[in-house]
Protein chains: 2
Amino acid sequence: MAPRLRLRLRFDDGAYIGPGKADLLALIAETGSISAAAARMGMSYKRAWSLVEVLNAMFAAPLVASVRGGAHGGGAHLTETGKAVLATYGAMQANADAAAATDIAKLLALRALASRTCGSSS
Amino acid sequence: MAPRLRLRLRFDDGAYIGPGKADLLALIAETGSISAAAARMGMSYKRAWSLVEVLNAMFAAPLVASVRGGAHGGGAHLTETGKAVLATYGAMQANADAAAATDIAKLLALRALASRTCGSSS
DNA sequence: CCTCGTTATGTTTGGCGGGAAATAACGATG
DNA sequence: CATCGTTATTTCCCGCCAAACATAACGAGG
């Protein structure tokens, strides 16, 4: 099942990183291109680029390094910082999801009662 | 410091519960009124009410029971299901936050380097 | 030097979510 | 039966985000 717990980490200055930016980072790492990653996520290039701009500005060093022009027009790849952020975000998500599993199950149960509406009243 | 990790739990049908709805539930429980809770959160009554409507529809039973008219005009309170959802969400948040603490610290460190301009690479 | 694909950036437009305000329903209480 | 404060619901309007479109810069390589 798709990852159901979505995490957004908010920093004290209002900047935040969430699933959208994390997925974008992962796709940039995979495709080596901002435009290709944007296409994969079904978003416009401009939006993807603006997210990259924000990401690059909110950490100590840029997360994405891009090259303009050249053999195939250019490309983009993750810096060491970018890889570290992506990996850490993934780990955080996994850890949080595991820790919340029982509570998620409880909430799911509170919801599931609805589907049972057949015949048996409470 | 304010809780920095925000959780949004997405169900398979697209419905979700996040910090906003959870806070609203808590304030309704505390104030006994939708309008008072809305005022506390700095949102319009209409928005609060629509959130309550969504919350009531997305679980097996309504989370908020409201009374119209009467001595003081009416009011609202959490049902047993509502209390359970609120408590479980709070527990989930606490558990997830604890589990993610070390990763959060890592990300914070990746950000803080900006202030420290420290040269030592990994 | 021309092509090509990508990054980088500006401008415009449209949709839609939310806010504000107005209104109705409601029911204990005096 | 008038009052009162809250819930419930509609309508209108505006601001903002983002999509769409347009364009420039860039640089390896044929």
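In what follows, chains are A, B, ... by sequence order, proteins preceding strands, each numbered from 1. Just so you know, these numbers use all the heavy atoms, side chains as well, and skip hydrogens, waters and symmetry mates.
Considering only side-chain atoms of A:Ala76, the nucleotide from C:dT7, D:dA28, D:dA8 that sits closest is C:dT7.
When the side-chain nitrogen and oxygen atoms of B:Ser66 are compared with OP1 and OP2 of D:dT6, none of them lie within a distance under 4.0 Å.
Where A:Ala71 and A:Gly32 each meet DNA chain C at their nearest nucleotide, the meeting point lying more 5' is that of A:Ala71.
The two residues A:Leu107 and B:Thr88 come nearest to each other via the heavy atoms CG-CG2, 3.7 Å. Counting all heavy atoms, side chain and backbone alike, B:Leu7 lies closest to B:Pro19 at O-CD, 3.3 Å. The minimum heavy-atom distance between A:Ile34 and A:Tyr45, with the atom names listed, is CG2-CE1, 3.5 Å. Closest approach of A:Leu86 and A:Ala26 over heavy atoms only: CD2-CA, 3.7 Å. Between B:Thr79 and B:Pro62, the shortest heavy-atom contact is OG1-O, 2.7 Å.
Distance A:Leu51 CG to D:dA19 P: 10 Å, rounded to the nearest Å. Note: CD (A:Glu53) to C1' (C:dT7) measures 12 Å, nearest angstrom. One atom, CZ of B:Arg68, and another, C1' of D:dG5, lie 13 Å apart when rounded to the nearest Å.
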A:Ser33/A:Ser35 under side-chain hydrogen bond (donor to acceptor under 3.5 Å, both in side chains): CA gap, chis, key distance, verdict: CA-CA 5 Å; A:Ser33 156; A:Ser35 67; 3.1 Å; yes

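Within residues 33-49 of chain B, the residues that place at least one heavy atom under 4.0 Å from DNA chain C are, in residue-number order, B:Ser44, B:Lys46, B:Arg47.
B:Val85 has its side chain within reach of B:Ile17: a pair of non-hydrogen atoms, C-beta onward, lies under 4.5 Å apart. A 4.5 Å side-chain heavy-atom check between A:Asp23 and A:Met41 finds at least one atom pair inside the cut-off.
Taken together, the paired segments of DNA chain D that extend over three or more consecutive Watson-Crick or G-U pairs, each closer than 3.5 Å at both contacts, are C:1-30 with D:1-30.
Using a 4.0 Å heavy-atom distance criterion, A:Gly75 is classed as a sugar-phosphate-only contact.
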